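Keep in mind the model is a prediction, meaning the values are calculated, not measured. Residue numbers count from 1 along this sequence. Values below: all heavy atoms of this structure, side chains included; hydrogens, waters and symmetry mates excluded.
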Amino acid sequence: MSGKNIKAAIIGCGVIAPAHADGYSLIENVEIKWACDLVAEKAAKLSEKFKIAQTCTDYRQVLADPEVNCVSICTDHSSHAQIAADAMKAGKHLICEKALSSSHDGLSMIFKEREKHPDLVCAGIFQHRFDLTFQYTRKLLQEKVLGKMLVAN
């Protein structure tokens with residue numbers, strides 16, 4: 001495949017953002033166009049490390065770029081829902097770090113927007129779901145070995 005037909009952006013340039021940039025860099029047809037963070041220095045640092053052409057502090061600037069077709073949402077949990085909904089409204093595929101939302105209302109907003117855009121990929125990152133510890137705990141809960149679960153954290 002020639003050319004860079006996936007134009008990505010990373011919104012939120014903190015601790016997990018380099019993992020997204022590393023992942024994108026392993027795919028031949030992906031170009032990361034934007035590094036966006038409320039703290040300009042964080043966006044600049046990610047941009048420098050991964051040779052990302054543009055930086056900004058307002059995610060809406062990223063979503064307004066007609067070339068961008070995929071965004072990684074790596075911001076704080078409380079902002080995920082609004083950014084995800086806005087990204088889908090702007091016609092962008094998205095990868096969102098966990099938790100998808102910090103509230104039930106936010107999660108509902110994401111799902112309602114997703115229903116309006118069935119052609120878009122909307123994926124969450126839940127990398128620990130296949131860890132043996134979590135699989136074993138799930139089995140114990142399903143078999144009610146631990147009794148009735150009242151609280152989880």
So salt bridge (charged side-chain N to carboxylate O under 4.0 Å, His left out) across residues 98-114, not counting sequence neighbours, yields Glu113-Lys116

In short, Ile11 meets Thr75 closest at the heavy-atom pair O-CG2, 3.5 Å

Between Lys45 and Glu41, is a salt bridge (charged side-chain N to carboxylate O under 4.0 Å, His left out) present by the stated rule, with each step listed?
CA-CA 6 Å; Lys45 185 177 176 183; Glu41 293 79 21; over 6 Å; no

Exercise for the section: Determine whether Leu100 and Ile110 make a side-chain contact, defined as any pair of heavy atoms from C-beta on separated by less than 4.5 Å. Expected result: yes

- prompt: Got a donor-acceptor contact below 3.5 angstrom from the Lys33 side chain to the Ile52 backbone?
  reply: no

Do Asp76 and Ser78 pair up side chain to side chain, a donor and an acceptor below 3.5 Å, judged on atom types alone? yes

For Leu38, I'd like to know if atom CG has over 12 heavy atoms of other residues, nucleotides or ligands within 6.0 Å. no

The single option from Val68, Asp58, Val71 that satisfies side-chain contact (heavy atoms from CB on, under 4.5 Å) with Leu63 is Val71

In short, ring-ring contact (aromatic ring centres under 6.0 Å, His included) pairs touching residues 54-103 with sequence neighbours left out are His77-His80

Applying side-chain contact (heavy atoms from CB on, under 4.5 Å) to Asn69 and not counting sequence neighbours gives Ile6, Lys7

Closest non-hydrogen atoms of Ala17 and Leu46, given as atom of the first, atom of the second and distance, are CB-CD2, 4.0 Å

Could you tell me if Asp131 and Gln135 have a donor-acceptor pair between their side chains, going purely by distance under 3.5 Å?
no

